[in-house]
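Remember, it's a predicted structure, so these values are computed and weren't measured experimentally.
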Amino acid sequence: MYNSLSSAKLTRFITWFFAALLFVLMVFANALLKWFFGFGRDDTILKILITFYLCCPAAWIALFCIHKLTTNIINEDIFVQKNVSYLRVLSWCCAFVAATCFVAGFFYVPFFIFSLGAAFMTLILRVLKNIMATATKIKDENELTI
């Protein structure tokens, strides 16, 4: 049966899956791109690889933050300052990817699409972070009230 606890556990499992997928992509990115584009497009492959590997640290940090968020949800630590911090870091990771892909878009135009998606995700996460920060503040004030 569906409940928030099973959803959080599923999200944590998917996070682990994406971490494994990211690791595999980091190892085999060059071979996969050569297979996809063919061997005659080395300049395009190099541009994609540089951008991908520049974005990888942000992806690892984002996956860590998502893992910590879901762990806190499973432990029923919802409206705490740690979760606000994790959402803030997540939004900055998306902003970094958006900026990196925007710059890379001048060298390989499809990266502009990734930049737009990451920028939109940054906006969504900032709104969620602000909602969570306000809810955490209200919860903390209510705990001080007798």
Does any non-hydrogen side-chain atom of [Y] lie less than 4.5 Å from one of [X]?
{"X": "Asn72", "Y": "Tyr86", "answer": "yes"}
{"X": "Phe36", "Y": "Leu32", "answer": "no"}
{"X": "Lys129", "Y": "Leu125", "answer": "no"}
{"X": "Ser6", "Y": "Leu10", "answer": "no"}
{"X": "Leu128", "Y": "Leu90", "answer": "no"}
{"X": "Asp42", "Y": "Leu46", "answer": "no"}
{"X": "Val80", "Y": "Asn83", "answer": "yes"}
{"X": "Arg88", "Y": "Arg126", "answer": "yes"}

Minimum heavy-atom separation for [X] and [Y], please, with both atom names.
{"X": "Ala29", "Y": "Tyr53", "answer": "CB-OH, 3.7 Å"}
{"X": "Cys101", "Y": "Thr51", "answer": "SG-CG2, 4.2 Å"}
{"X": "Met132", "Y": "Ile78", "answer": "SD-O, 3.8 Å"}
{"X": "Ser115", "Y": "Ala98", "answer": "OG-O, 2.8 Å"}
{"X": "Ile73", "Y": "Ala8", "answer": "CG2-CB, 3.7 Å"}
{"X": "Cys93", "Y": "Ala58", "answer": "SG-O, 3.5 Å"}

So does [X] have more than 12 non-hydrogen atoms from other groups sitting under 6.0 Å from [atom1]?
{"X": "Lys139", "atom1": "NZ", "answer": "yes"}
{"X": "Glu141", "atom1": "CD", "answer": "yes"}
{"X": "Phe120", "atom1": "CZ", "answer": "no"}
{"X": "Ile124", "atom1": "CD1", "answer": "yes"}
{"X": "Trp60", "atom1": "CH2", "answer": "yes"}

Notebook entry, point to check: Relative to the ring of Phe111, is the ring of Phe114 parallel (under 30°), tilted (30 to 60°) or perpendicular (over 60°)?
Noted result: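 Plane angle between 30° and 60°, so tilted.
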Item checked: Plane angle bin for Trp16 and His67 - parallel if under 30°, tilted between 30 and 60°, otherwise perpendicular ->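 Tilted: the ring planes of His67 and Trp16 meet at 30° to 60°.
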Co-membership, hydrophobic cluster, residues [X] and [Y], 4.5 Å side-chain:
{"X": "Val84", "Y": "Ile131", "result": "no"}
{"X": "Phe18", "Y": "Phe52", "result": "yes"}
{"X": "Val27", "Y": "Leu63", "result": "yes"}
{"X": "Val103", "Y": "Ile50", "result": "no"}
{"X": "Ile14", "Y": "Leu25", "result": "yes"}

[atom1]-[atom2] distance between [X] and [Y], expressed to the nearest 0.5 angstrom:
{"X": "Leu87", "Y": "Leu69", "atom1": "CG", "atom2": "CG", "answer": "5.0 Å"}
{"X": "Asp43", "Y": "Phe37", "atom1": "CG", "atom2": "CZ", "answer": "10.0 Å"}
{"X": "Thr71", "Y": "Arg12", "atom1": "OG1", "atom2": "CZ", "answer": "4.5 Å"}
{"X": "Lys47", "Y": "Leu49", "atom1": "NZ", "atom2": "CG", "answer": "12.5 Å"}

